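Here the structure is a predicted model, which means the values were calculated and not measured.
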Amino acid sequence: MLGEPHDLPHEFPRLANQIDQRTEVDPLFAELSEQYHQIDDEIRRLELAGSPISDQHLQGMKLNRLRLKDQLYDLLTR
């Protein structure tokens with residue numbers, strides 16, 4: 001579905017408190033989280049605006065978002 005939320009609290013609702021805490025105390029987590037939110041915002045903007053972008057480019061952006069999400073989850077569950 002286009003434009004659906006993929007922010008971290010929606011992706012990991014049971015870890016919402018940990019997300020906030022880790023962002024404050026872990027510089028790596030904070031940096032990766034910021035990257036994740038930037039790419040997620042860009043994907044949502046492009047999808048909702050119907051901007052001309054190749055499917056390959058959009059899929060690449062989504063793959064990067066997924067990789068970041070995996071890294072963030074790994075940091076949260078260590």
How far does CG of N17 sit from CG of L76, to the nearest 0.5 angstrom? 11.5 Å
Got H57 and K62 here, is their nearest side-chain heavy-atom distance under 4.5 Å? no
Got a donor-acceptor contact below 3.5 angstrom from the R22 side chain to the A30 backbone? no
For the pair R78 and D74, find out whether any cationic side-chain nitrogen is under 4.0 Å from an anionic carboxylate oxygen. yes
Here the pair of heavy atoms bringing L15 nearest to Y73 is CD1-CE1, 3.8 Å
Using 0.5 Å steps for rounding, measure from the CD atom of Q71 to the CG atom of L32. 5.0 Å
Set out, in order, the CA-CA distance, both residues' side-chain angles and the distance that settles side chain to side chain contact (heavy atoms under 4.5 Å, CB included) for Q21 and D26, then state yes or no. CA-CA 8 Å; Q21 292 170 351; D26 185 341; over 6 Å; no
Gap separating the CG atom of D70 from the OH atom of Y36, nearest 0.5 angstrom: 10.0 Å
Separation of I39 CD1 from R65 CZ (nearest 0.5 Å): 8.0 Å
What is the distance from atom CG of L68 to atom CD of E31, rounded to the nearest 0.5 Å? 10.0 Å
For I53 and L58, work out which heavy atoms get closest and say how close. CD1-N, 4.2 Å
To check you understand the geometry: which heavy-atom pair defines the closest contact between L8 and S33, and what is its length? CD1-OG, 3.6 Å
Flag yes if more than 12 heavy atoms outside Q59 fall under 6.0 Å of its CD atom; otherwise flag no. yes
Are L28 and L72 connected, step by step, through hydrophobic side chains (Ile, Leu, Val, Met, Phe, Trp, Tyr) whose heavy atoms are closer than 4.5 Å? yes
Under the side-chain hydrogen bond (donor to acceptor under 3.5 Å, both in side chains) test against H6, which residue among K69, R44, E11 passes? E11
Tell me, with the steps shown, if D40 and H37 meet side chain to side chain donor-acceptor pair (under 3.5 Å). CA-CA 5 Å; D40 183 52; H37 288 295; 5.3 Å; no
In Å, rounded to the nearest 0.5 Å, how long is the span from CD of E42 to CD of Q38? 9.5 Å
